[in-house]
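All figures in this text were calculated on a predicted structure; none of them were measured in a lab.
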Amino acid sequence: MSLSKLALAITLALAAPVSAQQVVPVADVECRADLALIQTSQQEALAFDIEIADTPESRAQGLMFRRDLPAGQGMLFIYPNAQPVSFWMRNTLIPLDLVFADDTGVIRHIHPNARPLDETPIPGAAVGDPQPARMYVLEIAGGEAARLGLAPGQPLAHPSLDGTAAAWPCS
């Protein structure tokens, strides 16, 4: 194999995880139950292929016992009402980023790289947050939130958000 072909192969291999993340123009966003969308700029949003955890049983199970979570995938926890929430990593074998959003879908707090199997509570709000209630939690692979530039203040869109109250209503 020539040096240039080897360099191309290495470049493609390293780019594969990055290309797994769907970046979509905000104008072309399609709201679907199996996608969580996060607007990262006026022009672009990230689309995550998600599983939904919206019952007490599915929220309790979460991503326990999974051995991997590919880039661009995650689990969206949906609560019936905004409330203070706390997570732990019992029986969770992979590091996760936990992205906590309020009832308008706005990201309020991100807990990066939660440690596998750690039972220490992970609160959904930073210390001193005057509005600690959360209605949505997106779990994605550990390190992805920082790599993708996710930050508090960015809006999340999903059909489960109340269209009249959502910071970024689904269309």
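- Across every non-hydrogen atom of His111 and Phe100, the tightest pair is CB-CE1, 4.2 Å.
- The backbone N or O of Gly149 lies less than 3.5 Å from a partner atom in the side chain of Gln154, making a donor-acceptor pair.
- With contacts defined as side-chain heavy-atom distances shorter than 4.5 Å, the pair Asn81/Met135 does not qualify.
- Looking at Tyr136, its side chain does come within 3.5 Å of a backbone N or O of Ser160 through a donor-acceptor pair.
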Inset, instruction - Given side chain to side chain contact (heavy atoms under 4.5 Å, CB included), test Val137 with Val99 step by step and report yes or no. - result: CA-CA 5 Å; Val137 183; Val99 180; over 6 Å; no

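- Connection of Leu148 to Leu156 is established within a shared hydrophobic cluster, with ILVMFWY side chains joined at heavy-atom distances below 4.5 Å, either directly or through further cluster members.
- In this structure, Leu63 is a member of the same hydrophobic cluster as Val85, with clusters built from ILVMFWY side-chain heavy atoms closer than 4.5 Å.
- Atom-to-atom distance recorded for Leu138:CG and Phe48:CZ is 6.0 Å, nearest 0.5 angstrom.
- In this structure, Glu44 and Val24 have side chains that are not in contact, with every pair of non-hydrogen atoms separated by 4.5 Å or more.
- Cluster membership for Ile107 and Val23, using ILVMFWY side-chain heavy atoms within less than 4.5 angstrom, is shared.
- Between Asp97 and Pro112 the shortest heavy-atom distance is OD1-CA, 3.3 Å.
- Here the closest non-hydrogen pair linking Asp103 and Ala82 is CB-CB, 4.0 Å.
- Here the straight-line distance linking atom OG1 of Thr120 with atom CZ of Arg90 works out to 11.5 Å at 0.5 Å rounding.
- Using a 4.0 Å cut-off between a side-chain N of Lys or Arg and a carboxylate O of Asp or Glu, Glu51 and Arg66 qualify as a salt bridge.
- Considering only heavy atoms from C-beta on, Pro155 comes within 4.5 Å of Gln39 through its side chain.
- Leu117 is listed as a side-chain neighbour of Leu93, based on a closest heavy-atom distance under 4.5 Å.
- Ring centers of Phe77 and Phe87: under 6.0 Å apart, within the cut-off.
- Judged by distance alone, with hydrogens and angles left aside, the side-chain atoms of Thr104 form no donor-acceptor pair with the main-chain N or O of Asp102 at under 3.5 Å.
- A 6.0 Å sphere centred on CZ of Arg115 holds no more than 12 heavy atoms belonging to other residues, nucleotides or ligands.
- A donor-acceptor contact shorter than 3.5 Å is absent between the side chain of Asp34 and the backbone of Ile50.
- Within the 4.5 Å cutoff, the side chain of Asp49 has heavy atoms near those of the Gln22 side chain.
- When all heavy atoms are compared, the tightest approach of Val26 to Ser41 is CG2-O, 3.9 Å.
- The nearest pair of heavy atoms linking Pro121 to Pro123 is O-CD, 3.6 Å.
- Put simply, NE2 on His158 and CD1 on Ile38 are 11.5 Å apart, with the number rounded to the nearest 0.5 Å.
- Of all non-hydrogen atoms in Pro159 and Ala33, the two that sit nearest each other are CG-N, 3.8 Å.
- Panel note: side chain Gln21, backbone Ala47; a donor-acceptor pair is recorded below 3.5 Å.
- Of the possible polar contacts, one joining the Arg134 side chain to the Gly124 backbone as a donor-acceptor pair under 3.5 Å is found.
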Inset, instruction - Report the C-alpha distance between Ile140 and Met75 in whole Å, list the side-chain angles of each, state the deciding distance to 0.1 Å, and finish with yes or no for side chain to side chain contact (heavy atoms under 4.5 Å, CB included). - result: CA-CA 7 Å; Ile140 57 177; Met75 180 172 279; over 6 Å; no

Inset, instruction - Kindly indicate, with the supporting measurements, whether the criterion side chain to side chain contact (heavy atoms under 4.5 Å, CB included) is fulfilled by Val29 and Trp168. - result: CA-CA 11 Å; Val29 163; Trp168 184 28; 3.9 Å; yes

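- When hydrophobic clusters are built by joining Ile, Leu, Val, Met, Phe, Trp and Tyr residues whose side-chain heavy atoms come closer than 4.5 Å, directly or via intermediates, Leu35 is not grouped with Leu76.
- Leu161 and Ile78 fall within the same hydrophobic cluster, defined by Ile, Leu, Val, Met, Phe, Trp and Tyr side-chain heavy atoms under 4.5 Å apart, directly or through other members.
- In this structure, Arg59 does not pair ionically with Asp54, as no charged nitrogen and carboxylate oxygen lie closer than 4.0 Å.
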Inset, instruction - Evaluate the criterion side chain to side chain contact (heavy atoms under 4.5 Å, CB included) for residue pair Cys31 and Leu37; output intermediate values, then yes/no. - result: CA-CA 8 Å; Cys31 276; Leu37 302 158; 4.0 Å; yes

